[in-house]
Amino acid sequence: MTKKFSKKAILILGILTSATTFNSCVAEDELSTTEPTRYKASDIKSYADLFKVFWTVMDQRYNYFYEQKRNDGMDWDAVYKEYYPKFEALQAFNTGNDKDIIENQKIARQYFTDIVDPIIDRHFVVGITLPYSKGTQGTFRFRGGMKTPANNQYDFKVKSDYMANKLGTDAITKNIKVGDNTFTYQMGSLKSNPDTYYFSFNMFLLSNALKINLLDAYLSPDLGNGLVLTADIIKNSTELHSISDSALRTKVEKFTIDLLNQWNAFPNSAEVKSFNNYISTFKDTEIISDAFLDVTKKALEDSKKLVAYNKASTYPADVLTTESQAYIIWFINQMNNHVKWGYGLTSFQEAAQGIIDKAPFYKQFLNALHKGEIKKIIIDLRANGGGAVADARFWTDRFITQNALAGYQRTKEGTGRFNYTPWVPIHANPHKFGLPANIPTVILTDKGSMSMSEISTLLLKSQGSHVISVGDYSAGGLAALTGPDEFNGGTQDNVAEYLTFYMPVMAHKDAKGEVIEGIGIKPDIYVAPPSDAELLEMKNSPKTFVDRVLEAAIKYISTK
């Protein structure tokens, strides 16, 4: 599923907004409207009511009615005139006998299928709750193109297993848990063509799963940090002075201060200082050097051997007594704050482990790309359904060498059906640590390549003829998503407990000014999608199977 775009993220895509106020492309009188979330379940007492609310929300929020009317002849008013009487004739909504309720439900499902099927927005889905009987309901999902059989696509896991036999000794395949998703990426040089690098991933979550985000320094609290424990705080503590036995008090004081000093030796160690120095270099260069990696591993290993101040076994019997117990408990709590929050040990350990885990991606791919060590690349976006727009800046831009027009986006300006903002350009922009010069690039696409896969394909293809796409048409789902109430268009609301919309806020067209929603990006080299037999062969015989799309890409790039 494609992640939501934030308004900020959409702007990051490179939309250049005008300083002037937007005007509607098509003027239309503003009428009194009901916001989708203001509808209540009590507003829907019949199939006619259900259809009217559905039709009205679509009328106010859908972004492609102008294109649908111009290209496909869809007349939304005609849809209302045709179907309102049909829905009104269905009398068994939540009344009548179960037989009639079921029959009416089947008819209503067919009506909604016929209405929604022509919708070109391939992100669009609406879940509609319909009665099964007087006391039960079920939710049915309707989307554009649902009546058209989908082209076969390679399953990502099966494709990944197949590619494991095609990549050289530098190959890496990793699965990373990101929230409820499992992000998988695969990369390496082709065995048959070692000068060609292959990169594939199942969704655009690279910035979430692989980006190294570091503070300026670790284990280095600011002066005056109130959570840092000091010897003076220990010496002046009420808890320490509550120990009446002066000899015991002296012994306990010395023992705990020594414990504090033992722990403090780590943040002040040469390894930690060196680690912090490498952070500054990394932020300037993004380079993960072997020395940086070695220091990180050593510092992380040392951090896991620190004195266990919170274990009873740390304190000998002549230190932890009945009289000193209250003080020791206080000391442990103070050390807890000192370690976890004053010095941020957990933050350091997570950062260090992240560097170690993500180092192969940086060393073998990002650093190699920026240094010009990768000479040719195949980017496999088949079965990649999209994801986070932040990846446009983190990943896609690394292949951009010049500012170029990649397409246009538009949203609704008001609730009128044709109240649109002007089309605003999307520009590709070079990344600070991206390619030093253009390289032959082939993008593999199929009907599973959607959303950010398609945006990235257009961004890369804006760079010139050295970038081509091979395979099937992409999915044709380019319209941007975002959270509720950030734009007039689109909605992801539950309406009146009967309708759940997943409707993008924006319309999209390519750099040529063509709306390709519902059509997809035409590949430069078309390769027919796999047959059922081929899919089965790829799964069961990966060592002998021939992936026609990959072979076409290799044949092309071998000449470059």
Side-chain angles (χ1 to χ4, degrees), residues 28 31-66 68-69 72-147 412 415-419 484 488-504 518:
E28 185 172 294
L31 303 175
S32 177
T33 59
T34 301
E35 288 291 311
T37 53
R38 293 186 180 275
Y39 285 107
K40 307 298 181 186
S42 57
D43 293 324
I44 298 179
K45 299 183 178 66
S46 65
Y47 275 111
D49 291 340
L50 178 64
F51 169 72
K52 186 174 182 179
V53 172
F54 162 79
W55 184 92
T56 303
V57 172
M58 290 289 292
D59 191 53
Q60 295 173 9
R61 298 289 183 133
Y62 183 57
N63 269 288
Y64 280 109
F65 275 130
Y66 178 76
Q68 298 244 200
K69 185 171 186 177
D72 306 326
M74 175 183 279
D75 184 333
W76 198 236
D77 288 323
V79 169
Y80 187 89
K81 290 176 183 177
E82 177 183 355
Y83 282 95
Y84 184 83
K86 291 182 177 181
F87 280 101
E88 192 176 32
L90 302 177
Q91 294 298 308
F93 187 59
N94 281 319
T95 59
N97 59 61
D98 287 351
K99 180 178 180 296
D100 290 340
I101 289 174
I102 286 292
E103 287 301 317
N104 277 202
Q105 179 227 85
K106 290 179 180 178
I107 296 170
R109 283 166 58 189
Q110 187 59 54
Y111 289 161
F112 278 120
T113 298
D114 294 341
I115 293 167
V116 174
D117 179 67
I119 294 295
I120 63 172
D121 190 331
R122 286 299 181 259
H123 276 107
F124 174 83
V125 180
V126 59
I128 304 179
T129 299
L130 302 173
Y132 273 118
S133 65
K134 289 179 185 176
T136 62
Q137 296 176 324
T139 299
F140 302 89
R141 289 164 63 87
F142 302 87
R143 62 171 65 242
M146 62 188 297
K147 293 164 70 172
K412 294 290 292 293
T415 55
R417 189 181 308 161
F418 301 117
N419 286 155
N488 286 311
T491 179
Q492 294 181 52
D493 293 316
N494 177 273
V495 179
E497 299 179 20
Y498 282 94
L499 298 157
T500 301
F501 286 93
Y502 191 69
M503 189 194 305

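Along the sequence shown, residues are numbered consecutively beginning with 1.
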Pairs of donor and acceptor atoms involving the side chains of residues 130-137, under 3.5 Å and at least two apart or interchain, shall be tabulated with distances.
unit_1: Ser133; atom_1: OG; unit_2: Gly135; atom_2: N; d: 3.4
unit_1: Ser133; atom_1: OG; unit_2: Thr136; atom_2: N; d: 3.4
unit_1: Ser133; atom_1: OG; unit_2: Thr136; atom_2: OG1; d: 2.8
unit_1: Thr136; atom_1: OG1; unit_2: Ser133; atom_2: N; d: 3.3

Where [X] and [Y] come nearest, the two heavy atoms and their spacing:
X      : Y      : value
Pro118 : Met74  : CB-CE, 3.7 Å
Arg38  : Asp43  : O-OD2, 4.2 Å
Ala48  : Glu88  : CB-CA, 3.9 Å
Met146 : Arg141 : CE-O, 3.8 Å
Pro36  : Val495 : O-CG1, 3.4 Å

Judged by atom type as modelled, is there a donor-acceptor pair below 3.5 Å linking the side chain of [X] to the main-chain atoms of [Y]?
X      : Y      : answer
Asp121 : Asn63  : no
Lys412 : Gly416 : yes
Asp117 : Asp114 : no
Asp49  : Lys45  : yes
Trp76  : Trp55  : yes

Parallel, tilted or perpendicular for [X] and [Y], by the 30°/60° rule?
X      : Y      : answer
Phe501 : Phe124 : tilted
Phe112 : Phe54  : perpendicular
Tyr80  : Tyr84  : parallel

Pairwise side-chain contact, [X] with [Y], heavy-atom cut-off 4.5 Å (strictly under):
X      : Y      : result
Phe93  : Ile44  : yes
Arg109 : Ile128 : no
Tyr47  : Ile107 : no
Asp77  : Arg417 : yes
Thr129 : Glu497 : no

For Tyr111 together with Phe51, are the ring centres under 6.0 Å from each other? no
Can you tell me how far the [atom1] atom of [X] sits from the [atom2] atom of [Y], to the nearest 0.5 Å?
X      : Y      : atom1 : atom2 : result
Thr491 : Met58  : OG1   : CE    : 11.0 Å
Asn104 : Lys99  : CG    : NZ    : 10.0 Å
Ile120 : His123 : CD1   : NE2   : 13.5 Å
Ile115 : Gln110 : CD1   : CD    : 10.5 Å
Tyr66  : Phe418 : OH    : CZ    : 8.5 Å
Leu499 : Phe142 : CG    : CZ    : 10.0 Å

Hey, is NZ on Lys86 packed in by over 12 heavy atoms from elsewhere, all under 6.0 Å? yes
If you draw a 6.0 Å radius around NZ in Lys147, do more than 12 non-hydrogen atoms from other residues or ligands fall strictly inside? yes
Output all residues satisfying side-chain hydrogen bond (donor to acceptor under 3.5 Å, both in side chains) with Asn494, sequence neighbours left out; order by chain, then residue number. Thr500
